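Structure first, commentary second.
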Amino acid sequence: MTLKTYLPENEEPPSSQIGATFEALAATIAARRDAGDESYTHRLLVGSPDGVLKKVMEESGEVALAAKDVESWATSSLAATLAVAGADEGDVLSVELPPEYATAVDHLRYEAADVVYHLLVVLERYGIDLDEFAAELNARMTEGERPRGAVRLREEHIKRGK
Ligand SMILES: N=c1c2ncn([C@@H]3O[C@H](COP(=O)(O)OP(=O)(O)OP(=O)(O)O)[C@@H](O)[C@H]3O)c2ncn1[C@@H]1O[C@H](COP(=O)(O)O)[C@@H](O)[C@H]1O
């Protein structure tokens, strides 16, 4: 939880916010296989594969651009502070970030959600369910990092086709 988020009153939070969100979204996406063409998700699932694959690339690029935007608001604020204060080695500078910085961070989060949604559509399209995807990430963790009871990839599927 951050200051930007809240929980609705009278609702029990799930044990994992992001897990519950991914599961709900993945289930919605899977159900759209049977929807009509009015559903954007349906079109990405059953249309030309280039449609969703291009979107993943495009949205990933937008994440990178959004992050660059955050960077440039930070560096221009630092430059402005230095210009006013001058800089002696060892000085502790207090940089005031403009409102545009916070807006850029919100935009980065928005673009990141676009990538994740389109990635989940790709996983659904090619038959990789969320548990299997979790197992891929779990396989990369050390024993100490892996959550208790985490689903595992069978040995013969680890790094296959890499
Ligand atoms: N989470 C999403 C979701 N995220 C992004 N998108 C769509 O992805 C597209 C992104 O394309 P663009 O980048 O061109 O649009 P943009 O994000 O407005 O603009 P920029 O990124 O260029 O700034 C838009 O059409 C969004 O509506 C999504 N479409 C659907 N969902 C979920 O999928 C469910 C099913 O949706 P249908 O597709 O309507 O069945 C929805 O109820 C949502 O829960």
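Start at 1 and go down the list; that is how both ligands and their atoms are numbered. Every heavy atom of this structure was used, including side-chain atoms; hydrogens, water molecules and symmetry mates were not. Here the structure is a predicted model, which is why all the values come from computation and not from measurement.
Summary of contacts: the protein heavy atom closest to atom 20 (P) of ligand 1 is E62 OE1, 3.6 Å. Here the heavy atom of the protein found nearest to atom 29 (N) of ligand 1 is Y117 CZ, 3.5 Å. The closest protein non-hydrogen atom to atom 18 (O) of ligand 1 is Y110 OH, 3.5 Å. Protein heavy atom at the shortest distance from atom 43 (C) of ligand 1 is L25 CD1, 4.5 Å. The protein heavy-atom contact nearest to atom 34 (C) of ligand 1 is T28 CG2, 3.7 Å.
Here's the thing with E59: one of its N/O atoms is less than 3.5 angstrom from an N/O atom of ligand 1. Considering both main-chain and side-chain atoms, H42 never comes within under 3.5 Å of ligand 1 through any nitrogen or oxygen pair. Checked against a 3.5 angstrom limit, the closest N/O atoms of H107 and ligand 1 fall outside it.
No more than 12 heavy-atom neighbours from other residues, nucleotides or ligands sit within 6.0 angstrom of CE on M57. Within 6.0 Å of the OH atom in Y6, the count of heavy atoms belonging to other residues, nucleotides or ligands does not exceed 12.
Between D106 and K4, the closest side-chain pair of non-hydrogen atoms falls below 4.5 Å.
With hydrogens and angles disregarded, a donor-acceptor distance shorter than 3.5 Å links the side chain of R33 to the backbone of E124.
Contact annotation for atom 26 (C) of ligand 1: protein absent (non-hydrogen atoms, distance under 4.0 Å). For atom 2 (C) of ligand 1, the nearest protein heavy atom is under 4.0 Å away.
Between K68 and E71, none of the side-chain N atoms (NZ, or NE/NH1/NH2) sits under 4.0 Å from a carboxylate O, so this pair counts as no salt bridge.
With sequence neighbours excluded, no residue forms a ring pair (Phe, Tyr, Trp, His ring centres under 6.0 Å) with F22.
With a heavy-atom cut-off of 4.0 Å, Y40 touches ligand 1 through backbone and side chain alike.
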Check: residues 153-162 side-chain donor-acceptor pairs under 3.5 Å, at least two apart:
{"residue": "H157", "atom": "ND1", "partner": "R160", "partner atom": "NH2", "Å": "3.4"}

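Note on W73 and V63: same hydrophobic cluster, where clusters join Ile, Leu, Val, Met, Phe, Trp and Tyr whose side-chain heavy atoms are under 4.5 Å apart, directly or indirectly. Y117 is not connected to L65 by any chain of hydrophobic side-chain contacts under 4.5 Å among Ile, Leu, Val, Met, Phe, Trp and Tyr, and they are in different clusters.
Heavy-atom distances between H118 and ligand 1 reach below 4.0 Å in at least one pair.
The residue among L44, T41, D114 with a heavy atom at the shortest distance from atom 37 (P) of ligand 1 is T41. Nearest-residue assignment for atom 11 (O) of ligand 1 (options K55, E111, R32; heavy-atom criterion): K55.
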